[in-house]
Structures are given as C-alpha cells and as structure tokens.
Number of protein chains: 2
Amino acid sequence: MSIRNPKQALYEQFAIVAKALGHPLRLEMIEHLAQGARSVEALAVKLGQPVANISQHLQALRRAGIVSAERDGKFVHYSLADASVLSAFAAVRGVAERHLAEVDRIVRGYFDARDDMRSVTRDELQRLMRDGLVTLIDVRPADEFALGHVPGAINVPLSEIKAWSGGADTGKEVVAYCRGPWCVMSFEAVAALRSLGLAARRMEDGMPEWKAAGLPVEMAADGVAN
Amino acid sequence: MSIRNPKQALYEQFAIVAKALGHPLRLEMIEHLAQGARSVEALAVKLGQPVANISQHLQALRRAGIVSAERDGKFVHYSLADASVLSAFAAVRGVAERHLAEVDRIVRGYFDARDDMRSVTRDELQRLMRDGLVTLIDVRPADEFALGHVPGAINVPLSEIKAWSGGADTGKEVVAYCRGPWCVMSFEAVAALRSLGLAARRMEDGMPEWKAAGLPVEMAADGVAN
DNA sequence: TCGTCATTCAATAGAATTGTTGAATGGCAG
DNA sequence: CTGCCATTCAACAATTCTATTGAATGACGA
C-alpha cells in the first residue's frame, strides 16, 4: 500500500486497468458499450443481470478509466472512454487467441471446423461489396443496428435468419457480422445459413472495429436508443 | 462455472489473460522478462521477492499463456510468450495514461514538470545518432545491457551516472533509455544529468519496444545471462 | 412539495487471490 | 546411490472480489 515508490505506484495504476478487464461480465459489458452508449438498465437487460450488479461493475470500469458516464435527466449513459479501450481489449484477445489452447478448443467445438469458418477481412468485404458479389447482413438486434452499421448491410437479427433466408438471392454469398471478432451471433448465423443451403461466411471484425478503422458508418434516421 | 455457453466460455478465457495482467508485481515481472529470459531465482533477486512467490506468479502467467518456460538443466528459464504480450501491456498502459489522472499525478510529482521531460522518439533518435549529435546511454544494469542494446549505446547503470558524467562530451546532448516507456531509471538518469549541468532527455521507448519495432539490436560477446 | 423512477450506496456472506511457510519434485554432480 | 539445488506444490491466514439485498440519492413531473 505504500505509494512512496513511483515505480510501484505506476505498476499499480496499470494493474487497476488490467484488473478491471479481468472479469468475463465486464468484458461483455465493454463489447456492448462498444456498440454505443447505454443506460445502466439497458445494459442490465441486454446481459440478463440485476441492475445493481451492472451498476457496480460499471463503477469498477469507471474507476479504471475504461468507461465514462454522462448524465441525461434521470438516466446515466455509459460509453467507452475512447478507442484505446478497444485496442486494449483486442490486445488481450490476441494473447488469448495465440496462447490459450482452450480458446481454440471452444471455437472448434462449438462452431464446426475452423477451416469452414474462414472469415472475410474488412478490405476483402469492401471489394466484394463494390463488385456486388455478396449480400451483407448485420445480425445484431435492431437497436444496435440503428446506432450504426456498415453501409449497405441489411439488418437480420439472429431470430429472423430462417425467415429471411427464404427470400435471399441464392446467387450471392452471404457475409454476416455482429459485435466483434468473436461475437457468437455471426458464427451461428453462418451455421444456420449453411444448413439452409446458402453460401455464407463471417466478416472477421465487428462494427466497433469497422468504426475504429475510420470506415464509413451508416445510421438509422432516429439517433439514440435508450 | 458452466461452460455450456460458448460466448461466456470465450469471455472467461479472455478474462484469464487480463486477470493475469492485473497485478503490479506480475506487470513488473513482464517488464523484466521483456529484457530477456530469466530463471526463477534471477527474477526473484531482481525484484527483491521470495522465490516461491515469484514461482507462483510465474505459474499464473504461464496458465494465461503470457510467458513460456524452457527447462535447462536444473534451471527453468521463463520468457514472454511472444510480441503480442508486449502489445497487450502497451495497450493497458495506454488506457491508464489516457484516463487515469493518478498516472499523470505520479509522473508530475516525482519527475519534475512534464514539459521538461519531453522525450525523443525512436525515429528522432536514429536521426540524431546518424548525425552524431547525441550521446546515447543505456541506464539498465550491465546484465540486461549485455542481452541486447541499441547499437552505439554506452552502458551507464544508474549508480554510475555521476562518475560517468565527469568525462562526458559536454557538447552533445545525452539521451537515456532503459526498460520501457515508464521505466523509472531513465527519468532519474535525466534528472541527475541535468542537475550536473548536462543537457539530457529520455528516449520515449525502452529496449523491448525498440526490438519489437524490428530495429537492429547489438549484443555483448557473451550470450546468456543467468 | 411529493411521488416516481434510474441509479448508486452499504452491508452481507461466499468465493477467489495473496504472501508465507515448509515440504515435495526432478535433474545434476559426485 | 546420495546429497544438493532450483523449482514447484500444499496449506494456512489475511485480504480482496463477487453477487445479492435493501436502503439512500438525485432528478423529473405533477
């Protein structure tokens, strides 16, 4: 607890940030906040957690400088402090991908073989879209889609995949994306589409990465979802 | 604990990595391992910690895929798993720098005013070195210097700064670097040199960042320090 | 001013992490 | 085989983290 040694003091500060990232629920909260600002309750509903619990974790993230809060009437909207948070998340993910056999096992176990899941990069997607070779679907819930999506993408939430696929252009490959590189929804969407006989792949990244790369973002008429 | 939900399972894996980074001592261990491989005892001595404690933390880092171990006789040499660990560390540091007022306070409080400490970038240093305008000193202990240093740098451990400054070329500015961007030794070296009347600045990064950037590294004749 | 509602705080029990101690393991030298 | 040494493991108390509960805060609308 002695703060006399500046070296130690600095490491303690860095550790505060890392520790705040060191909880599954908080990571999930970050991924949701990366889609756009959210009130405490909205987040709680999304994650299926008690409000008090979410509030507490939000405080922890705030103390670590990971999220920032903005009061709006009786709501408090939380959002990521800035893009450096996303790169920290990505870097942590990178270490896990590279060195934790468990990550690989989970992916292989739940999402068919990895080879079949070869994903499309952002650059590749832009080329395919320009040439009109693919149908791009955003499988996130409608409210997240409204807050910003890849230009030209159609919003097809996971639950509507089957219904939508009936009217899909079978001549084009379908590319699906959602919240991030490991967001489960796009894996499931691709699996579902394939079982329905359509050619489908994931986009490697999700909306937050797309936005962070400075690529254009299309928004729904209405601005803010609660 | 239920591993049924793949989404949760993935977040848990990512959290393992972040949690492992969430301890000041482990961060310090990482910074030391970034200088080169070390045995358990060597690390323990460097950090002034009991061997068992270091061993335990090394296990934690190993479980998170952050360090890798290699047995050599009765020694076990630990080193960083790969460069992705350094970028994760850097990203966490970035969040802390940007958003934790405490970090700024520590730096200002202990290392004079920030403006006086304006540091030299790697690119700028290379230019200055090419033109012979600066004297570059590596203020790390000799064993770390031996494992790799910036070409042209002179090894002047912190304790020898004063003695060395006596014979220094007063016509050139001195640039000091050590283990990383916030490594305290180079701050102290610069402060000491200035109080002795020499012009001095820090290099922004340390040896690990220099190496990770793919820049040339000079090594001492002897290879491995224990 | 009063009630309502979103959010935060405080308090609790249960779980996980930390540092320390001393014993166990596994390779080396004689 | 035996003793030695680097490292790891096991077990403990102390601390910290977690989720839950219910009460407190602070802003809005009547």
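Naming convention: chains lettered A, B, ... in sequence-line order (proteins, then strands); numbering from 1 in each chain.
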Worksheet item: How sharply is the helix from C/dT1-D/dA30 to C/dG30-D/dC1 bent, taking the axes over five pairs at either end and rounding to 10 degrees?
Response: 30°
Discussion item. Could you work out, with side-chain contact (heavy atoms from CB on, under 4.5 Å) as the rule, every residue matching B/A81, not counting sequence neighbours?
Written reply: A/H99, B/V85
Can you give each donor-acceptor pair under 3.5 Å made by side-chain atoms of residues 61-71 of chain B, sequence neighbours left out, with the distance rounded to 0.1 Å?
residue : atom : partner : partner atom : Å
B/R62   : NE   : B/Q59   : OE1          : 3.4
B/R62   : NH2  : B/Q59   : OE1          : 2.9
B/R71   : NE   : B/G73   : O            : 3.2

Worksheet entry | Atom-pair distance (CE on B/M29; C1' on C/dT18), nearest Å | 14 Å
Worksheet item: Between A/H23 and D/dT16, does any side-chain N or O lie under 4.0 Å from OP1 or OP2?
Response: no
Discussion item. Can you tell me how far apart CG (A/L43) and CD (A/E28) are? Round to the nearest 0.5 Å.
Written reply: 9.5 Å
Worksheet entry | B/F89: partners by ring-ring contact (aromatic ring centres under 6.0 Å, His included), with sequence neighbours left out | none
Discussion item. Nearest whole Å is fine: how far is D/dC17 P from A/L25 CG?
Written reply: 16 Å
Item to complete: Write down the distance between CD (B/Q49) and P (C/dT20), rounded to a whole number of angstrom.
Response: 7 Å
Worksheet item: Which whole-number value in Å describes the distance from A/E28 CD to D/dT18 P?
Response: 15 Å
Practice prompt. Would you please test A/V190 and A/M185 for side-chain contact (heavy atoms from CB on, under 4.5 Å) and show each step?
Written response: CA-CA 9 Å; A/V190 168; A/M185 296 188 293; over 6 Å; no
Fill in: Gap between atom CG of B/L158 and atom CZ of B/F187 - 0.5 Å precision
13.0 Å
What donor-acceptor contacts under 3.5 angstrom involve side-chain atoms of residues 17-27 of chain A, with partners at least two apart or in another chain?
residue : atom : partner : partner atom : Å
A/H23   : ND1  : A/L25   : N            : 3.1
A/R26   : NE   : A/A20   : O            : 2.7
A/R26   : NH1  : A/H57   : ND1          : 3.1
A/R26   : NH2  : A/K19   : O            : 3.3

Worksheet item: Tell me: CD of A/E70 to P of D/dA27, nearest whole Å?
Response: 15 Å
Check nucleotides 6-12 of chain D for protein N or O atoms closer than 3.5 Å to its own N or O atoms and list the pairs.
residue : atom : partner : partner atom : Å
D/dT7   : OP1  : B/V40   : N            : 3.2
D/dT7   : OP1  : B/V76   : N            : 3.3
D/dT7   : OP1  : B/V76   : O            : 3.4
D/dT7   : OP2  : B/E41   : N            : 2.8
D/dT8   : OP1  : B/Q59   : NE2          : 3.3
D/dT8   : OP1  : B/Y78   : OH           : 2.5
D/dT8   : OP2  : B/S55   : OG           : 2.9

Fill in: Rounded interatomic separation in angstrom, taking CG from A/N53 and P from C/dA11
19 Å
Fill in: Option from A/V156, A/V120, A/L125 for which side chain to side chain contact (heavy atoms under 4.5 Å, CB included) with A/L136 holds
A/L125
Discussion item. Less than 4.0 angstrom between a side-chain N/O of B/H57 and OP1 or OP2 of C/dG19, yes or no?
Written reply: yes
Worksheet item: Rounded to the nearest Å, what distance is computed from the CD1 atom of residue B/I16 to the C1' atom of nucleotide C/dA16?
Response: 13 Å
Item to complete: Any chance you could lay out the side-chain contact (heavy atoms from CB on, under 4.5 Å) test for B/V139 and B/R179, step after step, and finish with the verdict?
Response: CA-CA 9 Å; B/V139 299; B/R179 293 185 184 131; over 6 Å; no
